Amino acid sequence: MRTYPLGEGDRLVSFLDRHYGRIRGVARGARLPKSRFGSTLEMLAYIRIWYFERETRELVRINQSELIESFMDVQRDYTSSVALALISEITDAVLGEREAADPQFRLILLTARAIRANGPSQVVLAYFCLWTARLGGWLGPLDRCSRCGKTLHPETGFHAPGFAELYCANCRDDWMRPISKEALSVGKTALSGTLDRLLKDNPPIGPARETLSFALDILEHHIERKLISRKTFETGESGLGEI
Ligand SMILES: [Zn+2]
């Protein structure tokens, strides 16, 4: 998912093992020319990896890796590369170390492939963020007020950064922002079906952006900090106009 330079020519690598969860390890010599790791340790690369645990150390030793699918081509486009960085930052932040995370693994692969096919769309990222929040157990119902239980449809809901819940017009606090029923409908479609179906629905960009922003607020609430790549993505995205 991410790597950091370490020592003279090594890399500290945070990777997601689909069976054993998020693990950190050292790839010796990975930054040297002609390293045996080649470009296998790039962001979101899907690889086969051989590593060894050492009882006394927290970091594993990465011995070898083999590329299955690279996303270097996707990173050539600036906004796509920021979208991939957002996915990797979120995953790194929300997953505990060594907690099995096969659904999250599959979600990442599906999302990265969808960005390759469709570009860094709000819809694809909204799907990723909502499902990450759902898999983590941090997403409340999208059709009911979390305080009084009243059905939100056909009204809008209200929420605020720092809150994972949606409230109705009676229960809202003054400073909460409305979220449109179109955005909630995008959210419901995302959670009840596949990404393909959501993309076929082709939801308008406004509601998709609202849904993404709502899901990102929930994730930031959970990790108790702002996501660095969120700001970059939102700035870059608005500068480019239509995506
Ligand atoms: Zn209410």
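Ligands are counted one by one from 1 in listed order, and the atoms in each one are counted from 1 as well. A quick note: this is a predicted structure, and the numbers were derived from the prediction, not measured.
Judged as a ring pair (Phe, Tyr, Trp, His ring centres under 6.0 Å), not a single pair has a partner in residues 57-76 (not counting sequence neighbours). Note on residues 103-116: pairs passing side chain to side chain donor-acceptor pair (under 3.5 Å), not counting sequence neighbours, are E69-R113, E69-R116, D73-R116, D102-R106, Q104-T132.
Counting side-chain heavy-atom gaps under 4.5 Å among Ile, Leu, Val, Met, Phe, Trp and Tyr, I228 is found in no cluster with other residues.
Residue R48 qualifies as open at atom CZ: its count of foreign heavy atoms under 6.0 Å is 12 or below.
Put simply, CG on L142 and CG on L152 are 9.0 Å apart, with the number rounded to the nearest 0.5 Å.
Under the 4.5 Å side-chain heavy-atom criterion for grouping Ile, Leu, Val, Met, Phe, Trp and Tyr, L125 is connected to V94 within one hydrophobic cluster.
Excluding waters, the set of protein N/O/S atoms under 2.8 Å from the Zn ion (ligand 1) reads C145 SG, C148 SG, C168 SG, C171 SG.
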